Amino acid sequence: MPVNDLTQDKPSLNFLEQIVTQDLQDNTTGGRVHTRFPPEPNGYLHIGHAKSICLNFGLAQKYNGKCNLRFDDTNPTKEEQEYVDSIKEDVRWLGFDWDDREYYASDYFEQLYEYAVYLIKKGKAYICEMTAEEISANRGTPTIPGKESPWRNRPIEESLDLFARMRHGEFKEGRFTLRAKIDMTSPNMHLRDPVLYRIMHAHHHRTGDKWCIYPMYDWAHGQSDYLEGITHSICTLEFEVHRPLYEWFLNNLDLPNLHPRQIEFARLNLTYTVMSKRKLLSLVQDGLVKGWNDPRMPTISGLRRRGYTPASLRMFAEKVGVARRENMIGVELLEHCVREDLNKIAPRVMAVLNPLKLVITNYPDDSLEYLPAIINPENPEAGTREIPFGKTLFIERDDFMENPPKKFHRLAPGAEVRLKYAYIIRCNEVLKDSNGEISEIHCTYFPETKSGSGNEKKVKGTLHWVHPESSVEVEVRLYDRLFVVPEPEDVEEGKDFRINLNPHSLQVTKAWAEPFIGAAKPGQNFQFERNGYYVADSDSIAYNLVFNRTVALKDTWARMEKTAE
Ligand code: ATP
Ligand code: MG
């Protein structure tokens, strides 16, 4: 799949908005715009769902309409209250509100049952005794017509009686199904007498043991939209072929009110990311990640824990837009969006992850001074913080080279750099341990070059640093992509997508950070200067703070965009 070029100018209205605008102009919906976000509570929401949430709630907002939250809970064996709760939390966190419009397909089980009875009475549905295997074996292929069920012309009265008895629990699972009587020769396989109800002696997370027959998703979905007065039923492309079936249901049920208009858009695919809930569940169940909200997961809860903000995900959804054809979005765009937002809101701190001891030989022994630093240059209102500075400091080991190449603007023997918010220093001496490893470096500072003093002395490089004695030692979790290939689901027949997992997706280490960070609360974002964006993790406890790296500072997408200009 081609990676999308998102640098092109977008038309002012996307194709969904054009349809909605036209419908309002033509008054086909009585001036209403009513959408819904319809998750199945069988897993946690992922970034693809975030896209759908922004789309559905966003359209409603834009056209002064409403958006419902509806749980498509028709499969009791896979659905759980835990998922319902997480979905609500995630939608709210993204910044959307369904007011009192929280609905469940299971709220309509009685109505759906009545609708089914209506179809049987019309001679448009029948009780079938074929097993699931037989049904599938007789369905044919798109080019070969299917075979009609021997039970297709069962008398209406008999079907009604059996359907009632199915409901009352007289039969074992698999004994009967209710099927629509449509067309076994239709080129659209979905119209070949689809199953509407199956017997399942299963406990439902909301209706308990009230039902032992459950509607199929296809039977429930369109009618649920209808019952809620949905005007625009937006779904992903794979449902395009289901549309004639949904229309057949609404038409054959003779439903008098406005029929929802189904519009399909391309689902979001992201490079280096797996988006199927079933596959994500397998990672959780097999312990390959630490739960649905592992910061490496593309789930909304994982991204939140990773340090993504609601605004960054909304920005991403906006930039991705809506497409009518399958495409693949580079994950760099998502990373770009979070950098954009965090750049505006994240307080800066200095932290050293891989320290090298630096001694300023001409600095007074027991002196400690507090140097002012801007908390966020993008947000003057954030104010300033004070950073302790003393004779012994840590700098990043990478920022020193004993034999540097030509354009190395950091520290080296004889070189001069600025310590951020502090002074210019010069390196005079390199000390090594018995293994020949550099153990510390000795520098002198130029007192007259204190930041803000107006001194003219210039150097090429500026380094971050900490004063170890006053610093806070924290745990940092350096996350990398969960998969090593751009399309991890693209594996040979019979192979498991998990062969593409990145064995180095998490590296745990330590950092020494300036004291300002000591008050961090879980969920608070920071920029570790010159390094990346980090967020305080919920595993943090007093005196043992944990930070997740959200993303490094380097923005490959912004660079791509620049070169495309
Ligand atoms: P998955 O395939 O990941 O298991 P799903 O489609 O089965 O997802 P649902 O709970 O049925 O998950 O999805 C709820 C809504 O979110 C649907 O309207 C669906 O179209 C939309 N959605 C799911 N995945 C994506 C995606 N990758 N991009 C855009 N919308 C999506
Ligand atoms: Mg689905």
Side-chain angles (χ1 to χ4, degrees), residues 1 4 14-16 35-60 67-75 78-80 82-88 90-91 94 96 98 103-106 205 216-218 220-222 224-225 228 230 232-243 246 260-285 292 297-303 313-314 316-329 331 333-334 487-489 497:
M1 262 187 251
N4 254 22
N14 65 44
F15 84 94
L16 282 169
T35 56
R36 82 289 175 265
F37 172 63
E40 182 182 355
N42 62 348
Y44 280 61
L45 298 181
H46 53 58
I47 179 78
H49 295 115
K51 159 95 206 118
S52 175
I53 293 166
C54 292
L55 201 61
N56 281 293
F57 280 93
L59 264 184
C67 180
N68 295 356
L69 175 61
R70 184 179 65 242
F71 293 96
D72 260 325
D73 55 350
T74 52
N75 186 356
K78 296 212 169 122
E79 295 156 6
E80 288 173 27
E82 177 196 345
Y83 298 139
V84 170
D85 295 339
S86 76
I87 289 169
K88 293 200 310 196
D90 289 349
V91 175
L94 269 178
F96 298 104
W98 55 92
Y103 299 119
Y104 294 82
S106 55
H205 72 110
M216 299 300 288
Y217 176 84
D218 275 349
H221 190 74
S224 301
D225 280 348
E228 291 174 16
I230 300 304
H232 297 87
S233 179
I234 296 160
C235 58
T236 41
L237 279 179
E238 68 271 25
F239 289 100
E240 190 169 6
V241 283
H242 298 236
R243 183 166 10 111
Y246 297 166
R261 172 170 182 178
Q262 175 170 312
I263 315 164
E264 303 87 13
F265 73 102
R267 62 171 48 232
L268 171 70
N269 299 304
L270 260 190
T271 57
Y272 297 96
T273 308
V274 158
M275 211 89 88
S276 135
K277 276 189 277 189
R278 186 176 52 80
K279 290 180 181 159
L280 295 176
L281 176 64
S282 83
L283 297 178
V284 174
Q285 283 178 336
W292 283 100
M297 290 281 270
T299 51
I300 297 179
S301 50
L303 290 164
L313 297 187
R314 291 194 303 261
F316 174 70
E318 181 65 30
K319 279 188 191 285
V320 165
V322 281
R324 262 191 274 218
R325 263 182 298 138
E326 283 291 334
N327 58 51
M328 177 71 76
I329 303 289
V331 72
L333 178 62
L334 180 63
E487 296 187 40
E489 290 176 85
F497 74 99

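Every number for a ligand or one of its atoms is a count from 1 in the order of the listing. Bear in mind the structure is a predicted one, so any value in this text is a computation, not a measurement. Position 1 is the first residue of the sequence; numbering continues from there.
- For Glu264 and Arg243, the salt-bridge test passes: some basic side-chain N is under 4.0 Å from an acidic carboxylate O.
- Taking each of Met275, His49, Glu40 in turn, the one with a heavy atom nearest to atom 12 (O) of ligand 1 proves to be His49.
- In terms of polar-atom proximity, Ser276 is not counted as a contact of ligand 1, lacking any N or O under 3.5 Å from an N or O of the ligand.
- Atoms of ligand 1 found under 4.0 Å from any heavy atom of Pro39, numbered from 1 in the order shown, are 10 (O), 14 (C).
- For Asp73, there are no salt bridge (Lys or Arg N to Asp or Glu O under 4.0 Å) partners, not counting sequence neighbours.
- For Glu238, no nitrogen or oxygen atom sits less than 3.5 Å from a nitrogen or oxygen atom of ligand 1, counting backbone and side chain alike.
- Atoms of ligand 1 lying under 4.0 Å from at least one heavy atom of Pro38, given by number and element, are 14 (C), 18 (O).
- Residues passing the salt bridge (Lys or Arg N to Asp or Glu O under 4.0 Å) test with Arg36 are Asp225, sequence neighbours excluded.
- In Phe239, neither the side chain nor the backbone holds a heavy atom less than 4.0 Å from any atom of ligand 1.
- Contacts with ligand 1 closer than 4.0 Å are made by side-chain heavy atoms of His46 only, the backbone lying farther away.
- No hydrogens or angles considered: a donor-acceptor pair under 3.5 Å links the side chains of Glu82 and Tyr44.
- Taking distance alone, with nitrogen or oxygen atoms compared against 3.5 Å, Ile234 stays at or beyond that limit from ligand 1.
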